[in-house]
Each structure stands twice: as C-alpha cells, then as structure tokens.
Protein chains: 2
Amino acid sequence: MSGSKIKNMEEFAAVSGISRPTVSKYFHDPESVRASTRQRIEAALERHDYRPNIFAMNQNRKLTKNIGIIVPYLADPFFAEIVRVLERRCIDAGFSPTLFSAHGEQALENDILDGLRSLKPAGVLFAPLGRLSDKSAIEAFCRDVPTVLFDSNLEGLGEAFIGSDNHSFVSQTVEYLTRTGEPPCFFEMRHPANPNANKRRKAYLTMMDRLGFEPHVIKIDGTGWGFEEIGRQGGLKVLHEDALPTNTLLCSNDRLAIGLLSACYEMGVEVGRKPEARLRVASHDDHPFSRFTCPSLTTAAHDYAAVSDNAVDTLFRVVESGGRLGERIETLFPARLIMRESA
Amino acid sequence: MSGSKIKNMEEFAAVSGISRPTVSKYFHDPESVRASTRQRIEAALERHDYRPNIFAMNQNRKLTKNIGIIVPYLADPFFAEIVRVLERRCIDAGFSPTLFSAHGEQALENDILDGLRSLKPAGVLFAPLGRLSDKSAIEAFCRDVPTVLFDSNLEGLGEAFIGSDNHSFVSQTVEYLTRTGEPPCFFEMRHPANPNANKRRKAYLTMMDRLGFEPHVIKIDGTGWGFEEIGRQGGLKVLHEDALPTNTLLCSNDRLAIGLLSACYEMGVEVGRKPEARLRVASHDDHPFSRFTCPSLTTAAHDYAAVSDNAVDTLFRVVESGGRLGERIETLFPARLIMRESA
DNA sequence: ACAAAAACTTTACGCGCGAAAAGTTCTTTG
DNA sequence: CAAAGAACTTTTCGCGCGTAAAGTTTTTGT
C-alpha cells in the first residue's frame, strides 16, 4: 500500500496492467479470471489500496451482494445471538449483511421492508414479528425480494421457513416433567405475539391428552415485548391466588420464565426439583440468560447452529436459482432438553 | 399509488410537472423548494410511488445521509437498548443508520471500520471494544470519517466522547453501601475489556479513602464477553474460599453481578439487605435484566436517554459543521441509584 | 409598481462502474 | 500442429442521479 491514491477502477486497471473489464470481472468473482491474471491483480492490490465504489457497483447490477437480516426485537439476546451467526455466515460467503430490528413495532417492520427494497438485496433473512406483522405488506415484499423466513412461520410467505419444531420442544419437556413429578400447567401470555406460542400450547394439549393427564393452561395478561415483566406480574398474581392445580409450571418461553422465577423468589416460593421445593418451573428456548436464573432454568434448547446454518444455506440456494424455488420449503429442527435446577 | 411504474427521477419529474433538478432538490431537502412546488411533488408522490435510487444518489454526493452505529457486542441487552434509541433518533433526523456489532473481536471491529469507509457515512456513532481495540486503526478511521465515541472513551480519538460519569456511579453506590452496612469490596475482572472498569476501580479506591475505609479489590479471572459466566465462576471461587473481608460486594458491572448472584444462590448464600442475609451485592449499569435477578439488583443506572440524545445531537453538530469540531468534547452524565433488594 | 431576489427550467456534463460486442491473444485438445 | 475454445482487450453505451451554468418566471420588499 504505497501512497499513490487510486480514484477508480480505470486507474487501478492501469497500474495492474490489466484491462478494466477484466478487473471488474475479478471483483465480481476472483475465480473467474485466469490464475496468472489474478496474481497480477492481487499484486497490485497489495501495492495500492483500492476498493471498488460500492454505490457505483450496485447501481446497474440487477443482483447485488447485499443481504438483509430482519429480527423482531434485537434487545432480546436470543435474536442477538442468532444474528451474530447469520452475519458471519453471510460475510464468509462474500455477501454484505445489513441488520435491522423492528423493535416490536409493525410500523417499523414495514418501514424496514420499504427501505430494504431500495437496497436491491440478493436475499433477505427475515424473522417477522408474528401476530403483529402486516401480512399483506410482507406478501408484497416477498414477491419482489427473495426471502427466507426464520423463527416465526407466516403460512405461505417467503420461499422457505426454517425454524424449530415446537412439538419437539414441548413433547420433551412434558415427557420429562410428567415422568419425574406432577404433570405441568402451561404458563403463557393471553395474546402471544409469536405464532410459536400457539403451536406450543397445542403441542402441550396433545401431549397431555396422549399421556392421560388433564391439561391446565394459565393465561396471563400483558402486551408488548417486555416478556420478563409480564411473566413476573403474571407469576405474582398466580402465586397470590394460590390455586395452582399442580406444583409444576411449564412456561411457553424462557423470558416469561425468567420473570416468573423472579416473582417466586420475591414471594418466598422455593423452586426446584428438590423434595422440599414448592414449585417446579421449566420452559423453552434456552435463552442465553436461562443459565443464570435462580435456580437455573430447565428448558428445551433450540439448535441455534442448525437453524442459522440451514437458513443461510437455503437463502443461498434461493439466490443461486434466480430468486425462486419450485415450492415453499419448511424445515424444522428438534429441540434438546437442558436439565438444570428449576425442574 | 396508481399502477403506473416510474423508473427514474426523469419520469417522475414529468408526471409531477416539475423539472428534474428541482425534484432532486426536493429529495435532498423538502424545505428547500417553494411550498407550492412541494405540494405538487407530494401530490405526485401519492399517485405514483417513486423513490430515488439510493445508489445513484450516493454515488456523487460528497456527503451521504448514512450514519454508522457500531457497538462492541450486540448480544448484550445494554447495547441493544442504546442502539434502539440511537437508531430512532437518526431516522427521525432524516438519516439512514446502519448497525454493526464487533461481536467482541478486534478483527471484526477493524473490518467494520473498513467497510464503513466505502459507505461514505456522514458520521459514525462508535462504542469501541476498549482495551481490545486497535487504536491506530481507529485513529486512522477518525481522520477520514467524523466520529463520535460513546460508552468507552479512547483518549483523544474521535470528535467527541459521550458517556456516563463513572465516578458518579461508584460514589453513589459506595456512599449508600457504607451508610447502610459494612463497607463494600470491589468485585471485578482481572483484565477488564472496557476502560470504564478501570475508572470505576479508581473511583472506588478514592471513595473508600475519602470515607476512611480500607479498600478491598477482588480480581477474578476470565476473558471474553461472557461476563455472567465469569462472574459466576469468580463468585463460586470467592464463596468457596470464604475469606471476604466484609459482607458487601460491589460489582464493577451488572453482568458480573448477575453471574455472582447465581453463584450465591447455587451455594445457598442468602443475599439481600435483610438482617439475616449473609451478603449484600450491588453493581453498576442497570442492565435490563438486573430487575429480574434473585434478589433484584441494587445498582446505579445510566441515563440512557441523555447519553443517546447527546451522542446523536453531538454527531449532528459535527456533521453540520463540516465534519470537524474545534476541539474534542467530552460529556459525562451522572448516574442514578436504583435501590432494589440485593443491597 | 418596479427592481431585486428567489425559485424555477433548460441544458449539459460527469460520477464509477456493469455489460455487451467485436477483435485479439493465449491455452487446451486430439 | 492446427483448430477450437477460453480468456483477455478495446470500444462503446447506459444506469440514475448530482451539480453547475445560463436563462426565465415568480415572489418579495419598499
């Protein structure tokens, strides 16, 4: 990297002794030029630091190397963690991921989709808000931009959906809880934002029926994305009424459970699998913080890596096949039971 | 939004009955055209949905409307929360924020700076890794791009630094703890990643000296950004050795405290301000989860809103004054003590 | 009402690159 | 070793918009 400033590809082509169209080809795909040519270009790259103008590049290309990643709520460490993996995979594959969070608001989600259009992305990895999503807006977006959904499935939208198998989550926790103690009551929000919640409730009812236990669904009030606080308030209420049919609570997700456990602690209700404990609590997701609750939370873990890898791979396949797949793909990964101290 | 598709500004100018240069001016700043003209353009905008090509726009403009937001670790809800506010402020001011996370790695931080350069951002809001940051790379970046640092101060780098006053954090917690019980030991990582940690330790020493108590700094081992686990391991070790000089621990930050509290629970050590409790624990940051620890965490809160607002405002001032300020500005906001159950 | 100022139109050019066509040089293969 | 094909060069065009200059219309102030 000598001092000489290179303004554009024309000049860089000159100093590298290669014609501009070939240099252009090289930047589009280094493997597409002869090895000797590649070496000459890369030698020049070491002497002068030049990078193609990203705006000029994308201006005429029908297909950019941009990839959009949209999550419903970035302040949830669960999504932050998934995003980290997705980002890395995209970068390694030579794409430029851009990160967006809807922050729990439909209006923002729509704005993001709008803005994303003008980035002409090669593809989009999209975890929608769920119930709050504007289905028609998303449908319109998916018509224009190759999109792979993850985490929340919106029926029929996007080229594919990659997620976790909610039935696998619930069947494992319910099986474990019924085998080792009283059958669980299901603890969830009355109006869950996420379609996974509904699938989990149904799976709970199915499992309880199959095992011959009476199901009990406890619905707590609250709206928004502050699940911990909702779980805490709901927990305080339930514990106050002191009318639980069994001593075991299965939470729809870990964030509710985190709130619930804090309510239990506050009320002096001991939680755990020890005989003297008054309550057992289990949950689903293996949230990054579930390891540090008191007691540590027994839960069913997503296969983060498999979901991330598969979502990215699927998107790449969509992109390579020109943006459309023959038919919509749905891939679900099973959960893994994480036994800790709370149940 | 009738069906007619508008390809470019030329066509849009035609249907709106205004010349293209004026339309261009409008999109650059709607206030810069006559009210009657603005109305005609906006009327046309409602009939046909047209948006200027973002790549073509940025191609020749010396100054884009892009703003980069870089944080060291997005899976930390603390940063996720700050980012949310920063994003919104930028959007409201008519800028396009783009979000980046270094995921705790120097190499990634440098890659982000590199990539950001080619986006020709009007400005950058940058919370650096801290100790792990490549100072010279950042210095070079700041020479090219107007940058405002936040959270972690790197001496002399960037046009300004906006953050929290660590002395205010520590003086309030130390004052409170010494007033209401035994003086605190300071619980921190041996090699903290963040310069705030060093300032907090110094403030602790100063305060203890001023109040006439003997300081005790407990340094725990561990590297990386998994602070909770580090705090937990450190806590287990400290509790096992059972050689604490006082019954009060003041953690450098909440994430360590979250791990420490989980260790206490695991060891059956009761924490809180009740007389029968064996330990008091307090901390700094008011992490979004500190409300839900067991017991809930007494801590000193950042003025999130003030830091965010001021960082954005400062960056806008830098941008408006052509990218450089006369002198480097440092703004610190005081903390607010949040009394909960742990101390 | 009139001059000055402000806002607009017309015209023209350039940004940095993608892409296509036609011609040239190099590499492979039987 | 000739022929085919791959890779390269040269040339040319266009993308969509920013921007500047020069001329025209509208608004503003006294």
Side-chain angles (χ1 to χ4, degrees), chain A residues 5-45 48-66 94 96 115 117-122 322, chain B residues 4-45 48-66 94 96 115 117-122:
Chain A
K5 289 285 171 203
I6 307 284
K7 283 194 330 192
N8 53 31
M9 198 180 278
E10 196 78 49
E11 286 189 19
F12 177 74
V15 300
S16 65
I18 306 288
S19 71
R20 187 176 69 79
T22 302
V23 171
S24 173
K25 257 189 95 185
Y26 167 85
F27 280 111
H28 186 61
D29 175 14
E31 300 297 315
S32 70
V33 303
R34 206 187 290 149
S36 60
T37 310
R38 186 163 51 236
Q39 283 171 5
R40 289 171 65 188
I41 293 179
E42 278 162 3
L45 267 180
H48 319 81
D49 70 83
Y50 160 75
R51 307 183 58 169
N53 180 308
I54 194 172
F55 299 112
M57 276 185 62
N58 288 330
Q59 172 156 7
N60 300 322
R61 248 216 283 261
K62 58 226 144 239
L63 199 72
T64 70
K65 282 286 193 177
N66 299 328
S96 300
R117 250 184 251 264
S118 54
L119 283 183
K120 297 190 215 164
Chain B
S4 53
K5 289 285 171 204
I6 307 284
K7 285 193 327 190
N8 53 31
M9 197 180 279
E10 196 79 52
E11 287 188 19
F12 177 75
V15 302
S16 65
I18 305 287
S19 72
R20 188 178 68 77
T22 303
V23 171
S24 173
K25 254 189 98 183
Y26 167 85
F27 280 111
H28 186 61
D29 176 12
E31 301 297 316
S32 69
V33 303
R34 203 187 294 148
S36 59
T37 310
R38 186 163 54 237
Q39 283 171 6
R40 289 170 66 188
I41 293 179
E42 279 163 2
L45 268 180
H48 319 80
D49 69 80
Y50 160 77
R51 307 183 58 168
N53 181 307
I54 191 172
F55 300 112
M57 276 184 61
N58 288 331
Q59 172 155 12
N60 299 322
R61 248 214 284 257
K62 57 228 148 243
L63 198 72
T64 71
K65 282 286 192 176
N66 299 328
S96 300
R117 250 184 251 263
S118 54
L119 282 183
K120 297 189 213 165

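Below, chains carry the letters A, B, ... as their sequence lines are ordered, and counting in each starts from 1. This structure is a prediction, so every number in the text was calculated from the model and none was measured.
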Counterpart residues, ring pair (Phe, Tyr, Trp, His ring centres under 6.0 Å), relative to Y26(B) (two or more places apart):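 Y26(B) satisfies ring pair (Phe, Tyr, Trp, His ring centres under 6.0 Å) with no other residue.
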Rounded off to whole Å, could you give me the [atom1]-to-[atom2] distance for the [X] and [N] pair?
X	N	atom1	atom2	answer
F12(B)	dG16(D)	CZ	P	16 Å
R34(B)	dT24(D)	CZ	C1'	12 Å
D29(B)	dG18(D)	CG	P	13 Å
I6(B)	dG16(D)	CD1	C1'	14 Å

Just how far is it from atom [atom1] of [X] to atom [atom2] of [Y], taken to the nearest 0.5 Å?
X	Y	atom1	atom2	value
H28(B)	K65(B)	NE2	NZ	6.5 Å
I54(B)	Q59(B)	CD1	CD	13.0 Å
M57(B)	M9(B)	CE	CE	7.0 Å
E10(A)	S19(A)	CD	OG	9.5 Å

OP1 or OP2 of dC17(D) under 4.0 Å from side-chain N/O of S24(B):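 Answer no for this pair, as no side-chain N or O of S24(B) is under 4.0 Å from OP1 or OP2.
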T37(A) or M9(B), whichever maps to the more 5' nucleotide of DNA chain D: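 In this pair, the answer is T37(A).
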By nearest heavy atom, map N8(B) and A35(A) onto DNA chain D; which one lands nearer the 5' end?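 Its nucleotide being nearer the 5' end, the pick is A35(A).
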How would you label the contact of Y50(A) with the nucleic acid (heavy atoms, under 4.0 Å): base, sugar-phosphate, or nothing?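 Sugar-phosphate contact only - Y50(A) comes under 4.0 Å of backbone atoms but never of a base.
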Give me the ring orientation class for Y50(A) and F27(A): parallel if the planes are under 30° apart, tilted from 30 to 60°, perpendicular past 60°.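 If you compare the ring of Y50(A) with that of F27(A), the planes turn out perpendicular.
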Determine whether a donor-acceptor pair (one donor, one acceptor, N or O, separation below 3.5 Å) exists between the side chain of R20(B) and the base of dG16(D).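 Between dG16(D) and R20(B), which were checked side chain against base, a qualifying N/O pair under 3.5 Å is absent.
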Do side-chain atoms of R40(B) reach the backbone of G17(B) as a donor and acceptor pair under 3.5 angstrom?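 Checked: pair present.
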Main-chain N/O of L119(B) paired with N66(B) side-chain donor or acceptor, under 3.5 Å: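 Looks like yes, one N/O pair under 3.5 Å.
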Start and end of the DNA chain C segment that chain B contacts, any atom under 4.0 Å from a heavy atom: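 Terminal contacting nucleotides, 5' to 3': dA7(C) to dG16(C).
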Scan residues 51-59 of chain B against DNA chain D and write down, sorted by residue number, each residue with any heavy atom closer than 4.0 Å; if none is found, say none.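 Contacting residues: P52(B), N53(B), A56(B), M57(B), Q59(B).
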Is there side-chain contact between I41(B) and V23(B), with heavy atoms separated by less than 4.5 Å?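 Yes - at least one pair of side-chain heavy atoms lies under 4.5 Å apart.
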